[in-house]
Amino acid sequence: MTTRIATEEDLPALRALMARAIAELQTGFLDPAQVKASHKVMGLDTQLVADRTYHLVEIDGQIAGCGGWSFRATLYGGDDSIVAREPAPLDPATDAAKIRAMYTNPDFARRGIGSMVLAACEAAAAARGFRRTELMATAAGVPLYRRAGYREAEPVRMVDVDGVGVPLVRMTKSLFPG
């Protein structure tokens with residue numbers, strides 16, 4: 001198992017992994033219409049790859065999981081999503097780093113890959129001076145983030161995608177508790 005920062009050459013494989021993860025790993029949490037609509041809310045923001053803040057874990061040369069963190073204001077959404085993005089830089093002294101686009105290859109689900117990627121993102125954000133992180137969790141991601149110490153910052157909200165509500169939860173964590 002190896003970890004590294006994603007590059008532009010990884011983009012096709014990352015997009016394929018994300019599409020598959022949304023389709024397969026959300027099914028236990030969302031109905032079929034919500035899973036389909038999720039593809040318009042989630043996805044890869046290539047700014048994370050350009051910023052060199054997008055991590056991936058490989059097992060035997062295959063991407064097992066991926067996720068990033070950002071020093072920019074965008075909380076969630078990918079290049080092709082309906083979500084507006086805001087590339088303005090954040091101030092580590094006052095703002096929370098954004099944990100973004102966390103996905104696990106369904107072939108490697110429930111093996112700690114998501115926790116590994118999340119820990120790498122948090123460590124990198126802390127190294128850049130951020131004291132807090134926040135993220136927008138999918139229903140499938142909430143259990144992972146709770147185990148990692150994240151707390152709900154606001155109630156579940158439904159993002160409307162062509163008349164279908166997709167539940168999302170904004171969650172936060174202090175990187176230096178106490």
Side-chain angles (χ1 to χ4, degrees), residues 1-8 10-11 14-15 17-18 21-22 25 38 41-58 63-105 111-157 159 166-178:
M1 197 175 328
T2 59
T3 62
R4 66 177 174 85
I5 299 296
T7 67
E8 286 74 9
D10 296 311
L11 293 176
L14 291 170
R15 285 188 181 102
L17 181 150
M18 290 174 188
I22 293 167
L25 300 179
S38 293
V41 177
M42 302 176 204
L44 178 61
D45 182 347
T46 52
Q47 184 68 59
L48 300 171
V49 176
D51 288 342
R52 300 298 183 245
T53 60
Y54 202 70
H55 300 252
L56 55 84
V57 173
E58 292 178 308
I63 300 174
C66 52
W69 72 278
S70 185
F71 54 84
R72 299 181 186 278
T74 300
L75 182 56
Y76 70 103
D79 293 349
D80 300 322
S81 75
I82 62 169
V83 178
R85 293 179 296 158
E86 176 53 56
L90 299 168
D91 179 354
T94 58
D95 298 319
K98 311 304 184 206
I99 300 296
R100 306 270 319 279
M102 297 277 299
Y103 295 93
T104 300
N105 179 328
R111 296 190 197 177
I113 302 297
S115 296
M116 180 183 291
V117 173
L118 183 59
C121 292
E122 290 172 348
R128 289 279 295 267
F130 285 91
R131 302 187 61 74
R132 297 177 298 117
T133 55
E134 73 175 341
L135 55 83
M136 188 64 85
T138 63
V142 168
L144 165 69
Y145 301 128
R146 281 187 181 143
R147 283 192 308 274
Y150 283 80
R151 299 291 172 248
E152 293 180 19
E154 61 187 55
V156 173
R157 68 178 176 149
V159 175
V166 177
L168 297 172
V169 180
R170 189 171 69 84
M171 302 180 83
T172 62
K173 179 180 179 178
S174 172
L175 296 177
F176 301 99

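Below, each value reflects all heavy atoms present in this structure, side chains not excepted, and no hydrogens, waters or symmetry copies.
- R4 pairs by the side chain to side chain donor-acceptor pair (under 3.5 Å) definition with D10, E58, not counting sequence neighbours.
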| task | Using the side-chain contact (heavy atoms from CB on, under 4.5 Å) rule, take K98 and T133 through it: C-alpha gap first, then chi angles, then the decisive distance, then the call. | result | CA-CA 6 Å; K98 311 304 184 206; T133 55; over 6 Å; no
| said: One pair to check against side-chain contact (heavy atoms from CB on, under 4.5 Å): T172 and E154. What are the steps and the verdict? | reply: CA-CA 10 Å; T172 62; E154 61 187 55; over 6 Å; no
| Intermediate values then yes/no, side-chain contact (heavy atoms from CB on, under 4.5 Å), T74 and R100 | CA-CA 9 Å; T74 300; R100 306 270 319 279; 3.7 Å; yes
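- Note that OG of S174 and CZ of R131 are 7.0 Å apart. Values are rounded to the nearest 0.5 Å.
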| task | Apply side-chain contact (heavy atoms from CB on, under 4.5 Å) to R170 and E134, showing your working. | result | CA-CA 7 Å; R170 189 171 69 84; E134 73 175 341; 2.7 Å; yes
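- Residues forming a side chain to side chain contact (heavy atoms under 4.5 Å, CB included) with A73 (at least two apart in sequence, or on another chain): E86, L90.
- Taking the side chain to side chain donor-acceptor pair (under 3.5 Å) definition, one finds that R52 meets it with E8, sequence neighbours left out.
- Residue pairs meeting the ring-ring contact (aromatic ring centres under 6.0 Å, His included) criterion with at least one partner in residues 131-157, sequence neighbours excluded, are Y145-Y150.
- Minimum interatomic distance between G67 and M102 (heavy atoms only, all atoms of both residues): CA-SD, 3.8 Å.
- Nearest approach of R146 to R151, heavy atoms of both residues: O-NH1, 3.7 Å.
- Here the OG1 atom belonging to T53 is positioned 6.5 Å from the CZ atom belonging to F71, to the nearest 0.5 angstrom.
- Expressed to the nearest 0.5 Å, how far CG of L144 lies from CG of L135 amounts to 9.0 Å.
- Side-chain atoms of R85 and D79, non-hydrogen and from C-beta on, do get closer than 4.5 Å to each other.
- Taking all atoms of both residues into account, the shortest heavy-atom contact from V49 to T7 is CG1-C, 3.5 Å.
- The two residues W69 and A124 come nearest to each other via the heavy atoms NE1-CB, 3.3 Å.
- Residues Y103 and I22 form a side-chain contact, since some pair of their non-hydrogen atoms from C-beta on lies under 4.5 Å apart.
- Evaluation of the side chain to side chain donor-acceptor pair (under 3.5 Å) rule for T138 yields Q26 as partners, not counting sequence neighbours.
- Partners of R147 according to the salt bridge (Lys or Arg N to Asp or Glu O under 4.0 Å) rule, which considers only residues two or more places apart in sequence or in another chain, do not exist here.
- Checked against side chain to side chain contact (heavy atoms under 4.5 Å, CB included), P92 has the following partners two or more places apart in sequence or in another chain: F130.
- Taking 4.5 Å as the limit, every side-chain heavy atom of T104 sits out of range of all side-chain heavy atoms of R111.
- Remark: D80 engages no residue in a salt bridge (Lys or Arg N to Asp or Glu O under 4.0 Å) (not counting sequence neighbours).
- Remark: A126 pairs with L175, F176 by the side chain to side chain contact (heavy atoms under 4.5 Å, CB included) rule, at least two apart or across chains.
- M116 pairs by the side chain to side chain contact (heavy atoms under 4.5 Å, CB included) definition with M1, T3, V57, not counting sequence neighbours.
- The side chain to side chain donor-acceptor pair (under 3.5 Å) test applied to N105 returns R20, not counting sequence neighbours.
- Taking each heavy atom of A6 and L14 in turn, the nearest pair found is CB-CD1, 4.0 Å.
- Applying the salt bridge (Lys or Arg N to Asp or Glu O under 4.0 Å) test to pairs two or more places apart or on separate chains, those with a residue in residues 114-128 are E122-K173.
- Taking each heavy atom of M18 and C66 in turn, the nearest pair found is CE-SG, 4.2 Å.
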